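Take a look at the structure set out below.
Reckoned from all heavy atoms, side chains included, excluding hydrogens, waters and symmetry mates. Counting starts at 1 for both ligands and their atoms, following the listed order. All residue numbers in this chain count up from 1 along the given sequence. What you see is a predicted model; the values in this text were computed from it and never measured.
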Amino acid sequence: MNLSERDSAVIWHPYTQMQTAMPPIGIVRGEGACIYDEDGKCYIDAVSSWWVNIHGHAHPYIAEKVAKQLKVLEHVIFAGFTHQPAVELAERLLSILPLDQKKVFYSDNGSTAIEVAIKMCLQYWHNKGEQRTKMLAFNDAYHGDTFGAMAVSGRSAFTSAFDKLLFGVEFIDLPNADNIDQLKAHISGLKTELACFIFEPLVQGSGGMIMYEAEYLDQLIAHCKQEGIFTIDDEVFTGFGRTGKRFACDHLKHQPDIMCFSKGLTGGTMALGVTTCTLQIYDAFLSDDRLKTLFHGHSFTANPVACAAALASMDLFVDPSTQQNIDRIAAEHAAFAEQIRGHRRIRAIRQTGTILAMEWETGNDTSYFSSLRDTLYRYFLEAGIVLRPLGNVLYILPPYCITTDQLRYIYRTIGQALDTL
Ligand SMILES: *Cc1c(COP(=O)(O)O)cnc(C)c1O
(Lines give C-alpha, C1' and ligand atoms only; values in the text may rest on other atoms or scores of the structure.)
Protein backbone atom coordinates (compact mmCIF):
# COMPACT_ATOMS: atom_id res chain seq x y z
CA MET A 1 0.00 0.00 0.00
CA ASN A 2 1.19 3.51 -0.70
CA LEU A 3 1.05 6.38 1.81
CA SER A 4 -2.25 7.62 0.51
CA GLU A 5 -3.98 4.24 1.02
CA ARG A 6 -2.51 3.70 4.49
CA ASP A 7 -3.56 7.26 5.40
CA SER A 8 -7.18 6.62 4.44
CA ALA A 9 -7.36 3.73 6.90
CA VAL A 10 -6.27 5.72 9.96
CA ILE A 11 -6.33 9.52 9.50
CA TRP A 12 -8.97 12.28 9.74
CA HIS A 13 -7.79 15.42 7.90
CA PRO A 14 -8.41 19.12 8.70
CA TYR A 15 -11.04 21.07 6.73
CA THR A 16 -11.82 17.92 4.77
CA GLN A 17 -15.13 16.16 4.09
CA MET A 18 -13.68 12.67 4.36
CA GLN A 19 -16.51 11.02 2.45
CA THR A 20 -16.06 12.93 -0.78
CA ALA A 21 -12.48 14.24 -0.69
CA MET A 22 -9.89 12.99 -3.15
CA PRO A 23 -7.34 10.71 -1.46
CA PRO A 24 -4.48 12.81 -0.03
CA ILE A 25 -1.25 13.01 -2.00
CA GLY A 26 1.67 11.39 -0.21
CA ILE A 27 4.61 13.79 -0.09
CA VAL A 28 8.06 12.35 0.48
CA ARG A 29 10.35 15.38 0.29
CA GLY A 30 10.60 19.08 -0.41
CA GLU A 31 13.17 21.40 -1.89
CA GLY A 32 12.89 25.14 -2.56
CA ALA A 33 9.36 25.95 -3.70
CA CYS A 34 8.74 22.29 -4.67
CA ILE A 35 7.26 19.28 -2.90
CA TYR A 36 7.58 15.77 -4.41
CA ASP A 37 5.07 12.93 -4.26
CA GLU A 38 5.70 9.20 -4.05
CA ASP A 39 6.09 8.93 -7.84
CA GLY A 40 8.60 11.76 -7.90
CA LYS A 41 6.15 14.29 -9.38
CA CYS A 42 7.00 17.89 -8.42
CA TYR A 43 4.32 20.30 -7.25
CA ILE A 44 5.13 24.00 -6.93
CA ASP A 45 3.85 24.98 -3.48
CA ALA A 46 2.14 28.22 -4.56
CA VAL A 47 0.31 28.58 -1.21
CA SER A 48 3.41 28.10 0.98
CA SER A 49 1.74 25.08 2.65
CA TRP A 50 -1.10 27.01 4.29
CA TRP A 51 0.91 30.25 4.28
CA VAL A 52 3.70 29.18 6.61
CA ASN A 53 6.63 28.33 4.41
CA ILE A 54 8.48 31.54 3.56
CA HIS A 55 12.00 30.32 2.66
CA GLY A 56 11.22 27.11 0.76
CA HIS A 57 11.06 23.50 1.91
CA ALA A 58 13.76 21.63 3.83
CA HIS A 59 15.95 24.72 3.83
CA PRO A 60 19.49 23.48 4.60
CA TYR A 61 20.36 26.43 6.86
CA ILE A 62 17.25 26.01 9.04
CA ALA A 63 17.77 22.22 9.06
CA GLU A 64 21.34 22.65 10.29
CA LYS A 65 20.34 25.01 13.12
CA VAL A 66 17.45 22.79 14.19
CA ALA A 67 19.65 19.66 14.17
CA LYS A 68 22.24 21.45 16.30
CA GLN A 69 19.63 22.56 18.82
CA LEU A 70 18.20 19.02 19.05
CA LYS A 71 21.54 17.74 20.30
CA VAL A 72 21.82 20.49 22.93
CA LEU A 73 18.33 20.86 24.42
CA GLU A 74 15.09 19.54 22.89
CA HIS A 75 12.67 20.89 25.49
CA VAL A 76 12.40 22.27 28.99
CA ILE A 77 9.46 23.43 31.11
CA PHE A 78 9.07 27.20 30.55
CA ALA A 79 7.62 28.11 33.97
CA GLY A 80 10.52 28.73 36.33
CA PHE A 81 13.08 28.00 33.59
CA THR A 82 14.36 29.69 30.47
CA HIS A 83 16.83 28.98 27.68
CA GLN A 84 19.02 30.69 25.14
CA PRO A 85 16.87 30.30 21.97
CA ALA A 86 13.77 31.76 23.70
CA VAL A 87 15.68 34.74 25.08
CA GLU A 88 17.50 35.47 21.85
CA LEU A 89 14.35 35.14 19.75
CA ALA A 90 12.44 37.54 22.03
CA GLU A 91 15.29 40.08 21.86
CA ARG A 92 15.59 39.87 18.10
CA LEU A 93 11.87 39.93 17.43
CA LEU A 94 11.28 42.97 19.64
CA SER A 95 14.17 44.74 17.90
CA ILE A 96 12.29 44.68 14.57
CA LEU A 97 8.78 45.37 15.95
CA PRO A 98 7.27 48.79 16.79
CA LEU A 99 9.22 50.36 19.66
CA ASP A 100 6.55 50.06 22.32
CA GLN A 101 6.24 46.26 21.98
CA LYS A 102 8.24 45.24 25.05
CA LYS A 103 7.30 41.72 26.19
CA VAL A 104 7.03 38.36 24.43
CA PHE A 105 4.61 35.61 25.52
CA TYR A 106 5.18 32.27 23.81
CA SER A 107 2.62 29.66 22.79
CA ASP A 108 2.55 27.09 20.02
CA ASN A 109 0.34 28.16 17.10
CA GLY A 110 -1.64 31.05 15.66
CA SER A 111 -4.91 30.33 17.44
CA THR A 112 -3.20 30.13 20.82
CA ALA A 113 -1.36 33.40 20.12
CA ILE A 114 -4.82 34.94 19.65
CA GLU A 115 -6.25 33.29 22.79
CA VAL A 116 -3.37 34.79 24.77
CA ALA A 117 -3.98 38.26 23.28
CA ILE A 118 -7.70 38.09 24.13
CA LYS A 119 -7.00 36.93 27.68
CA MET A 120 -4.42 39.71 28.16
CA CYS A 121 -7.04 42.33 27.25
CA LEU A 122 -9.92 40.80 29.20
CA GLN A 123 -7.83 40.23 32.31
CA TYR A 124 -6.27 43.68 32.06
CA TRP A 125 -9.71 45.19 32.69
CA HIS A 126 -10.53 42.53 35.28
CA ASN A 127 -7.31 43.32 37.16
CA LYS A 128 -8.20 47.02 37.01
CA GLY A 129 -11.65 46.26 38.44
CA GLU A 130 -13.50 47.45 35.31
CA GLN A 131 -16.34 45.60 33.61
CA ARG A 132 -15.19 45.53 30.01
CA THR A 133 -15.90 42.21 28.36
CA LYS A 134 -16.97 42.99 24.81
CA MET A 135 -14.70 42.69 21.80
CA LEU A 136 -14.76 44.52 18.51
CA ALA A 137 -13.88 42.65 15.31
CA PHE A 138 -14.44 42.86 11.56
CA ASN A 139 -17.10 40.98 9.65
CA ASP A 140 -15.52 38.06 7.74
CA ALA A 141 -12.51 38.06 10.07
CA TYR A 142 -10.55 34.88 10.70
CA HIS A 143 -8.45 34.53 13.84
CA GLY A 144 -8.26 30.78 14.34
CA ASP A 145 -10.23 27.66 15.23
CA THR A 146 -10.08 27.44 19.04
CA PHE A 147 -13.16 28.81 20.84
CA GLY A 148 -11.91 32.27 21.74
CA ALA A 149 -10.30 32.77 18.36
CA MET A 150 -13.44 31.44 16.68
CA ALA A 151 -15.63 33.84 18.69
CA VAL A 152 -13.79 36.90 17.34
CA SER A 153 -13.95 35.46 13.80
CA GLY A 154 -16.86 36.18 11.48
CA ARG A 155 -19.84 33.86 11.75
CA SER A 156 -19.94 31.50 8.79
CA ALA A 157 -20.65 27.95 7.65
CA PHE A 158 -17.51 26.95 9.56
CA THR A 159 -18.78 28.24 12.92
CA SER A 160 -22.52 27.48 12.58
CA ALA A 161 -22.43 24.34 14.76
CA PHE A 162 -21.02 26.44 17.62
CA ASP A 163 -22.55 29.90 17.11
CA LYS A 164 -24.76 29.75 20.22
CA LEU A 165 -21.73 29.03 22.42
CA LEU A 166 -19.51 31.87 21.18
CA PHE A 167 -19.14 34.94 23.39
CA GLY A 168 -20.48 38.32 22.43
CA VAL A 169 -18.54 40.23 19.82
CA GLU A 170 -19.44 43.48 18.10
CA PHE A 171 -18.78 43.07 14.37
CA ILE A 172 -18.14 46.06 12.12
CA ASP A 173 -17.49 46.50 8.39
CA LEU A 174 -14.02 47.11 7.00
CA PRO A 175 -13.28 50.84 7.05
CA ASN A 176 -13.29 53.02 3.95
CA ALA A 177 -13.65 56.69 3.03
CA ASP A 178 -17.46 56.46 3.15
CA ASN A 179 -18.03 54.70 6.47
CA ILE A 180 -15.04 55.74 8.62
CA ASP A 181 -16.84 58.52 10.52
CA GLN A 182 -19.82 56.30 11.20
CA LEU A 183 -17.53 53.50 12.49
CA LYS A 184 -15.75 55.90 14.84
CA ALA A 185 -19.07 57.14 16.23
CA HIS A 186 -20.24 53.56 16.72
CA ILE A 187 -17.04 52.68 18.61
CA SER A 188 -17.33 55.76 20.82
CA GLY A 189 -20.88 54.73 21.71
CA LEU A 190 -19.63 51.36 22.96
CA LYS A 191 -16.37 52.43 24.52
CA THR A 192 -17.21 51.72 28.15
CA GLU A 193 -17.98 48.08 27.31
CA LEU A 194 -15.19 47.37 24.82
CA ALA A 195 -12.09 45.52 26.04
CA CYS A 196 -10.32 45.49 22.70
CA PHE A 197 -10.44 45.71 18.93
CA ILE A 198 -8.90 42.79 17.03
CA PHE A 199 -8.10 42.92 13.32
CA GLU A 200 -6.19 41.32 10.47
CA PRO A 201 -4.17 44.27 9.10
CA LEU A 202 -4.60 45.14 5.39
CA VAL A 203 -5.62 41.63 4.27
CA GLN A 204 -8.34 39.32 5.59
CA GLY A 205 -6.78 36.03 4.56
CA SER A 206 -9.24 33.19 5.11
CA GLY A 207 -12.18 35.53 4.46
CA GLY A 208 -11.12 35.49 0.79
CA MET A 209 -7.98 37.63 0.59
CA ILE A 210 -10.12 40.74 1.12
CA MET A 211 -7.90 43.84 1.11
CA TYR A 212 -8.42 47.28 2.58
CA GLU A 213 -6.45 50.49 2.89
CA ALA A 214 -3.89 51.16 5.60
CA GLU A 215 -5.07 54.76 5.92
CA TYR A 216 -8.49 53.83 7.35
CA LEU A 217 -7.11 51.12 9.63
CA ASP A 218 -4.71 53.76 10.91
CA GLN A 219 -7.65 56.02 11.71
CA LEU A 220 -9.47 53.22 13.57
CA ILE A 221 -6.38 52.39 15.64
CA ALA A 222 -5.88 56.05 16.50
CA HIS A 223 -9.54 56.36 17.44
CA CYS A 224 -9.43 53.26 19.69
CA LYS A 225 -6.32 54.62 21.41
CA GLN A 226 -8.08 57.90 22.05
CA GLU A 227 -11.08 56.04 23.50
CA GLY A 228 -8.94 53.75 25.70
CA ILE A 229 -9.71 50.56 23.77
CA PHE A 230 -6.81 48.13 23.25
CA THR A 231 -5.93 47.10 19.71
CA ILE A 232 -4.78 43.57 18.79
CA ASP A 233 -2.91 43.34 15.49
CA ASP A 234 -3.25 39.74 14.27
CA GLU A 235 -0.13 39.34 12.10
CA VAL A 236 -0.30 35.55 12.18
CA PHE A 237 -0.71 35.63 8.39
CA THR A 238 0.64 39.06 7.36
CA GLY A 239 3.83 38.95 9.46
CA PHE A 240 7.28 38.26 8.01
CA GLY A 241 7.10 39.89 4.62
CA ARG A 242 3.76 38.84 3.14
CA THR A 243 2.48 42.38 2.56
CA GLY A 244 5.73 43.59 0.98
CA LYS A 245 7.12 45.06 4.21
CA ARG A 246 8.40 43.13 7.20
CA PHE A 247 5.10 43.43 9.04
CA ALA A 248 1.76 44.84 7.95
CA CYS A 249 2.04 47.39 10.78
CA ASP A 250 5.05 48.84 8.93
CA HIS A 251 2.44 50.32 6.55
CA LEU A 252 0.81 52.16 9.50
CA LYS A 253 1.52 55.37 11.43
CA HIS A 254 -0.33 54.31 14.59
CA GLN A 255 0.78 51.15 16.35
CA PRO A 256 -1.20 48.43 18.15
CA ASP A 257 -0.99 47.44 21.83
CA ILE A 258 -0.71 43.72 21.17
CA MET A 259 0.64 41.73 18.22
CA CYS A 260 0.25 38.03 17.33
CA PHE A 261 2.57 35.95 15.15
CA SER A 262 2.85 32.37 14.02
CA LYS A 263 2.64 31.32 10.38
CA GLY A 264 5.92 32.64 8.93
CA LEU A 265 7.68 32.76 12.30
CA THR A 266 9.72 29.56 12.00
CA GLY A 267 9.84 29.67 8.21
CA GLY A 268 7.23 26.92 8.24
CA THR A 269 9.50 24.48 10.05
CA MET A 270 7.99 24.11 13.53
CA ALA A 271 4.77 25.11 15.29
CA LEU A 272 5.30 28.24 17.40
CA GLY A 273 3.15 31.18 18.46
CA VAL A 274 4.11 34.57 19.85
CA THR A 275 2.03 37.31 21.45
CA THR A 276 3.80 40.60 22.19
CA CYS A 277 2.52 43.53 24.24
CA THR A 278 3.29 46.96 25.63
CA LEU A 279 4.40 47.67 29.19
CA GLN A 280 1.01 49.20 29.94
CA ILE A 281 -0.56 45.76 29.55
CA TYR A 282 2.28 43.81 31.14
CA ASP A 283 2.38 46.08 34.19
CA ALA A 284 -1.32 45.50 34.94
CA PHE A 285 -0.46 41.89 35.80
CA LEU A 286 2.31 42.78 38.27
CA SER A 287 1.00 42.49 41.81
CA ASP A 288 1.45 40.94 45.23
CA ASP A 289 -1.99 39.51 44.59
CA ARG A 290 -1.39 36.18 42.85
CA LEU A 291 -4.87 36.32 41.31
CA LYS A 292 -3.58 39.02 38.95
CA THR A 293 -1.27 36.49 37.26
CA LEU A 294 -1.83 35.57 33.60
CA PHE A 295 -2.76 31.93 34.12
CA HIS A 296 -2.03 30.60 30.67
CA GLY A 297 0.53 28.22 29.20
CA HIS A 298 0.99 25.17 27.01
CA SER A 299 3.15 22.08 27.45
CA PHE A 300 5.29 23.08 24.50
CA THR A 301 5.44 26.83 25.24
CA ALA A 302 8.70 28.28 23.84
CA ASN A 303 9.98 24.90 22.68
CA PRO A 304 13.75 25.38 22.15
CA VAL A 305 13.81 23.56 18.80
CA ALA A 306 10.96 25.74 17.50
CA CYS A 307 12.73 28.87 18.79
CA ALA A 308 15.95 27.73 17.06
CA ALA A 309 13.99 27.28 13.81
CA ALA A 310 12.56 30.79 14.25
CA LEU A 311 16.04 32.24 14.83
CA ALA A 312 17.37 30.53 11.71
CA SER A 313 14.36 31.79 9.75
CA MET A 314 15.01 35.28 11.14
CA ASP A 315 18.63 35.16 9.88
CA LEU A 316 17.32 34.42 6.39
CA PHE A 317 14.48 36.94 6.72
CA VAL A 318 16.70 39.93 7.56
CA ASP A 319 19.18 39.08 4.80
CA PRO A 320 18.74 41.73 2.06
CA SER A 321 18.24 38.99 -0.56
CA THR A 322 14.89 38.12 1.03
CA GLN A 323 13.53 41.66 0.64
CA GLN A 324 14.79 41.61 -2.96
CA ASN A 325 12.86 38.38 -3.55
CA ILE A 326 9.73 39.87 -1.97
CA ASP A 327 10.04 42.91 -4.26
CA ARG A 328 10.64 40.68 -7.28
CA ILE A 329 7.52 38.58 -6.57
CA ALA A 330 5.43 41.72 -5.98
CA ALA A 331 6.58 43.16 -9.34
CA GLU A 332 5.88 39.89 -11.20
CA HIS A 333 2.42 39.68 -9.59
CA ALA A 334 1.65 43.28 -10.62
CA ALA A 335 2.65 42.63 -14.24
CA PHE A 336 0.51 39.48 -14.41
CA ALA A 337 -2.44 41.27 -12.80
CA GLU A 338 -2.25 43.94 -15.53
CA GLN A 339 -2.19 41.23 -18.16
CA ILE A 340 -5.39 39.48 -17.06
CA ARG A 341 -7.32 42.48 -15.73
CA GLY A 342 -10.56 42.76 -17.67
CA HIS A 343 -10.64 39.07 -18.64
CA ARG A 344 -14.28 38.00 -18.87
CA ARG A 345 -13.76 35.24 -16.27
CA ILE A 346 -12.20 37.62 -13.70
CA ARG A 347 -14.57 39.63 -11.54
CA ALA A 348 -11.86 41.30 -9.45
CA ILE A 349 -8.12 41.10 -8.99
CA ARG A 350 -6.21 42.48 -6.01
CA GLN A 351 -2.69 42.46 -4.68
CA THR A 352 -0.84 43.32 -1.50
CA GLY A 353 2.89 42.58 -1.66
CA THR A 354 3.44 38.88 -2.37
CA ILE A 355 -0.30 38.08 -2.18
CA LEU A 356 -2.20 38.06 -5.48
CA ALA A 357 -5.92 37.18 -5.42
CA MET A 358 -8.28 36.67 -8.36
CA GLU A 359 -12.03 36.49 -7.87
CA TRP A 360 -13.54 34.30 -10.59
CA GLU A 361 -16.88 34.83 -12.27
CA THR A 362 -19.11 31.93 -11.22
CA GLY A 363 -22.61 32.97 -12.15
CA ASN A 364 -24.54 32.56 -8.91
CA ASP A 365 -22.50 29.95 -7.08
CA THR A 366 -20.08 32.11 -5.03
CA SER A 367 -19.83 30.12 -1.81
CA TYR A 368 -16.73 28.53 -0.36
CA PHE A 369 -18.24 25.28 -1.52
CA SER A 370 -18.59 26.41 -5.15
CA SER A 371 -17.91 23.60 -7.62
CA LEU A 372 -15.51 25.87 -9.47
CA ARG A 373 -13.24 25.64 -6.45
CA ASP A 374 -12.82 21.87 -6.83
CA THR A 375 -12.40 22.13 -10.58
CA LEU A 376 -9.63 24.71 -10.21
CA TYR A 377 -7.93 22.81 -7.39
CA ARG A 378 -7.73 19.63 -9.51
CA TYR A 379 -6.72 21.48 -12.65
CA PHE A 380 -3.67 23.00 -10.98
CA LEU A 381 -2.66 19.78 -9.21
CA GLU A 382 -2.69 18.07 -12.58
CA ALA A 383 -0.34 20.81 -13.82
CA GLY A 384 1.96 20.32 -10.81
CA ILE A 385 0.90 23.42 -8.87
CA VAL A 386 -0.63 23.60 -5.39
CA LEU A 387 -3.28 26.33 -5.43
CA ARG A 388 -6.21 26.02 -3.00
CA PRO A 389 -8.94 28.52 -3.89
CA LEU A 390 -11.05 30.01 -1.10
CA GLY A 391 -14.42 29.52 -2.78
CA ASN A 392 -14.13 31.37 -6.08
CA VAL A 393 -11.06 33.31 -4.97
CA LEU A 394 -7.86 31.91 -6.44
CA TYR A 395 -4.73 33.26 -4.78
CA ILE A 396 -0.97 32.90 -5.16
CA LEU A 397 1.15 33.15 -2.01
CA PRO A 398 4.54 31.65 -2.79
CA PRO A 399 7.64 31.03 -0.71
CA TYR A 400 10.01 33.97 -1.29
CA CYS A 401 12.62 31.68 -2.89
CA ILE A 402 10.29 30.77 -5.78
CA THR A 403 12.09 31.35 -9.09
CA THR A 404 10.80 33.75 -11.72
CA ASP A 405 10.45 30.79 -14.10
CA GLN A 406 8.28 28.94 -11.60
CA LEU A 407 6.14 32.05 -11.07
CA ARG A 408 5.67 32.53 -14.80
CA TYR A 409 4.72 28.87 -15.20
CA ILE A 410 1.98 29.44 -12.59
CA TYR A 411 0.75 32.57 -14.40
CA ARG A 412 0.74 30.74 -17.75
CA THR A 413 -1.24 27.87 -16.27
CA ILE A 414 -3.76 30.28 -14.75
CA GLY A 415 -4.03 31.97 -18.15
CA GLN A 416 -4.81 28.60 -19.74
CA ALA A 417 -7.39 27.81 -17.06
CA LEU A 418 -9.06 31.17 -17.71
CA ASP A 419 -9.35 30.43 -21.41
CA THR A 420 -10.32 26.75 -21.26
CA LEU A 421 -12.32 25.96 -18.10
C1 LIG B 1 -4.12 30.98 10.30
C2 LIG B 1 -4.51 32.16 11.08
C3 LIG B 1 -4.72 32.09 12.46
C4 LIG B 1 -4.66 30.77 13.20
O5 LIG B 1 -3.41 30.18 13.17
P6 LIG B 1 -3.28 28.60 13.39
O7 LIG B 1 -1.82 28.37 13.56
O8 LIG B 1 -3.82 27.97 12.14
O9 LIG B 1 -4.08 28.24 14.59
C10 LIG B 1 -5.00 33.26 13.14
N11 LIG B 1 -5.08 34.43 12.50
C12 LIG B 1 -4.89 34.55 11.17
C13 LIG B 1 -4.97 35.90 10.53
C14 LIG B 1 -4.62 33.43 10.41
O15 LIG B 1 -4.47 33.53 9.09
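Between Tyr61 and His59, the ring-plane angle classifies as perpendicular under the 30° and 60° cut-offs. Ring geometry for His75 versus Phe300: interplanar angle of 30 to 60°, hence tilted.
Judged by a 6.0 Å distance limit and a 45° cone about the ring axis, Arg345 is not positioned over the six-membered ring of Trp360.
Contact residues of ligand 1 (protein heavy atom closer than 4.0 angstrom to a ligand atom; sorted by chain and number): Trp51, Asn109, Gly110, Ser111, Tyr142, His143, Gly144, Glu200, Asp234, Val236, Phe237, Lys263.
Residues passing the side-chain hydrogen bond (donor to acceptor under 3.5 Å, both in side chains) test with His251, sequence neighbours excluded: Thr243.
Listed by first and then second residue, the salt bridge (Lys or Arg N to Asp or Glu O under 4.0 Å) pairs involving residues 320-332 are Glu332-Arg408 (not counting sequence neighbours). Among residue pairs with one or both ends in residues 21-32, those qualifying as salt bridge (Lys or Arg N to Asp or Glu O under 4.0 Å) are Arg29-Glu31; sequence neighbours excluded.
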